[in-house]
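Below is one structure, written out as structure tokens; the observations come after it.
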There are 2 protein chains.
Amino acid sequence: MTSNTPSLPDQPLVAILDDEAEIRLMLSEALEEAGFRTQNFARATEFEAALKSTTPDVCLVDLGLPDKDGLALVHRLALESGAAIIIISGRAQVQDRVTGLELGADDYIIKPFDPAEVVARVRARLRRNRNTAKSSNTARFNGWTAHFDSYVLVDETGNETPFSHAEGEVLRLFLESPRRLISRARMQEILGGAAGESFDRAMDVRISRLRTKLREDPKNPRLIKTIYGAGYIFLGEVRWE
Amino acid sequence: MTSNTPSLPDQPLVAILDDEAEIRLMLSEALEEAGFRTQNFARATEFEAALKSTTPDVCLVDLGLPDKDGLALVHRLALESGAAIIIISGRAQVQDRVTGLELGADDYIIKPFDPAEVVARVRARLRRNRNTAKSSNTARFNGWTAHFDSYVLVDETGNETPFSHAEGEVLRLFLESPRRLISRARMQEILGGAAGESFDRAMDVRISRLRTKLREDPKNPRLIKTIYGAGYIFLGEVRWE
DNA sequence: GGCGCTTGTTACATTTCGTAAGGAATCCGC
DNA sequence: GCGGATTCCTTACGAAATGTAACAAGCGCC
């Protein structure tokens, strides 16, 4: 198997969402200086469109966006993406900070800010995330244990179920990005299939077979949830070890 | 070998290390009010001794300790313990914050602080570290409970009604901004549709279907109220958890 | 070759969700 | 109040998306 994943490069990707070009520039310069890749967006709609094809590691979001409610965006990001979210805002009240953090932001930086501190805080977020992102061969989730070296699934009673390579690819993809939406396009891209083909039922079948092995209730799947028209989302608490 | 069997996670434990009794009290009161367990330490030596027998989930560390170099302690904690580290310090210079974060702290709060913000930041750290599933994707409102992870609505008698992704988008939008007018334009933006001509009707239908699931009386909607010519307003006491 | 396993393909059932159409509610000017 | 126009609600329908069982092709192993 030589399917490397060139879509997951080494340098962490930081998305910057701010309507002021000056601030975008300041941030992206500081971050690139520090070795990160950056993506700049002036509008939430552009940002959301880009999210469908890229997966930033950290999102810097200005709350004072003209075209959308920033807090709602933060909340959705927190739920659907695995990225760390840092709010940048001119609103300095404690209540603003508290609500921002409660809605799922990982940090809250007040304008005016020092780029060096932003870089330090981005690093702090990545440090935590990277710990869990290191690849290993065993993952535990919701009573299950997946061994990717021996291709075996073990339930809580110790019962073993083998899984195939194709099933393992899908499972691994899910386990590496729990609780975040995985688009169908991205899945096909990473799983190396013929992308863009409209008649690719293979993906559905893989999911279906994986669901069977995980003993999902077809009417009410608990772990692998379908998002109609978008993709799938894996719900579950994953611990790699 | 530590016994890693946190099958039923207790309340998270927060260690507070500060030489001022007043601040310790303020923090521990706020944190316990928020449902955390706390441990208070006035000196680094006591704190380190306690670390041999307990494993806090978050450490709040004041840098201005008399008996040790706080930064060195932070660094050691970051390397050796899995706990999240939040520095609390009176030193407000950017350089102080940067070095604190670079040494492994997850957050840096400047004195004087508001206890509510500290609680929010502690929660933010725990959310990430535990990869918790139950944080912030469940909302309670007026007898209903909406589970956005399993896409299920539960009424007060425990009766379950599944809802689709599109319905969930609308519902989440409402729950994120209760008691506030939500214009149709904004709704269309957030729900991602290119503002089509007859796309308005799709929105109506979504609302209608959602109302049905919420068992709204068409003549007297209690939760989703229509503002003729403007948009909708969601009336309800929402609590995210 | 024959057997077992994996995996893609096909075919059909089911779900989701936008669109159309008719009716009800609301607003406005009189 | 009273048309009339606009806006909104609801039902029904159908196109598209998804689930999955059954079949077939490919592959390794004996």
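Treat the numbers as computed from the prediction; the structure is a model and nothing was measured. Excluded from the calculations below are hydrogen atoms, water molecules and symmetry mates; all remaining heavy atoms, backbone and side chain alike, are included. Reminder, nothing fancy here: chain letters follow the sequence lines and each chain counts from 1.
If you take CD1 of A:Ile207 and P of D:dG19, they are 8 Å apart, rounded to a whole angstrom. The interatomic distance linking B:Glu167 (CD) with C:dT16 (C1') rounds to 9 Å, in whole Å. Rounding to whole angstrom units, CG of residue B:Asp200 and P of C:dC17 are separated by 19 Å. For B:Asp204 and C:dA25, the CG to P distance is 16 Å, given to the nearest whole Å. For B:His165 and D:dA17, the NE2 to P distance is 16 Å, given to the nearest whole Å. Separating the OH atom of A:Tyr232 from the C1' atom of D:dA17 is a distance of 9 Å, rounded to the nearest angstrom. Atom C1' of nucleotide C:dT9 and atom CZ of A:Arg206 are separated by 14 Å, given to the nearest angstrom.
Using a 4.0 Å cutoff on non-hydrogen atoms, the parts of residues 218-227 of chain B near DNA chain D are B:Pro218, B:Thr226, ordered by number.
With respect to A:Asp155 and A:Arg215, a salt bridge is recorded, a charged nitrogen being found less than 4.0 Å from a carboxylate O. Salt-bridge annotation for A:Asp106 and A:Arg125: absent, with no side-chain N of the basic residue lying under 4.0 Å from a carboxylate O of the acidic one. With respect to the salt-bridge test (charged N to carboxylate O, under 4.0 angstrom), the residues A:Asp57 and A:Arg37 do not qualify. One finds no salt bridge joining A:Arg140 and A:Glu237 here, because no Lys/Arg side-chain nitrogen approaches an Asp/Glu carboxylate oxygen to under 4.0 Å. Contact check on A:Arg121 versus B:Asp107 returns a salt bridge, with a Lys/Arg side-chain nitrogen under 4.0 Å from an Asp/Glu carboxylate oxygen.
The side chain of B:Ala202 lies closest to C:dG18 when the candidates are D:dC8, C:dT7, C:dG18. When distances are taken from the side chain of B:Ser164 to each of D:dT10, C:dC17, D:dG19, the shortest belongs to C:dC17. For B:Arg184, the side-chain atoms get nearest to D:dC8 when compared with the rest of D:dT20, D:dC8, D:dT10.
Within the 4.0 Å cut-off from OP1 or OP2 of D:dT20, at least one side-chain nitrogen or oxygen of A:Ser208 is found.
Results of the side chain to side chain contact (heavy atoms under 4.5 Å, CB included) test with A:Thr38 over A:Ile16, A:Leu60, A:Val58 single out A:Ile16 as the only residue that passes. Tested against A:Leu63, the residues A:Asp96, A:Leu73, A:Val74, A:Ile88 include a single side chain to side chain contact (heavy atoms under 4.5 Å, CB included) partner, A:Val74.
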Checklist line | Nucleotide pairing, DNA chain D (Watson-Crick or G-U, distances under 3.5 Å), in dot-bracket with [ ] and | | finding: ||||||||||||||||||||||||||||||
Review item, nucleotides 12-16 of chain D N/O atoms under 3.5 Å of protein N/O:
{"unit_1": "D:dA16", "atom_1": "N3", "unit_2": "A:Tyr228", "atom_2": "OH", "d": "3.1"}

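A donor and an acceptor atom, one from each side chain of A:Arg91 and A:Thr99, are nowhere located under 3.5 Å apart.
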Note to self: Does A:Thr157 form a side chain to side chain donor-acceptor pair (under 3.5 Å) with A:Asn159? I'd like the steps, not just the answer.
What the structure shows: CA-CA 6 Å; A:Thr157 72; A:Asn159 212 335; 4.6 Å; no
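Proximity of the aromatic rings of B:Phe141 and B:Phe174 is defined here by a centroid distance below 6.0 angstrom, and this criterion is not met.
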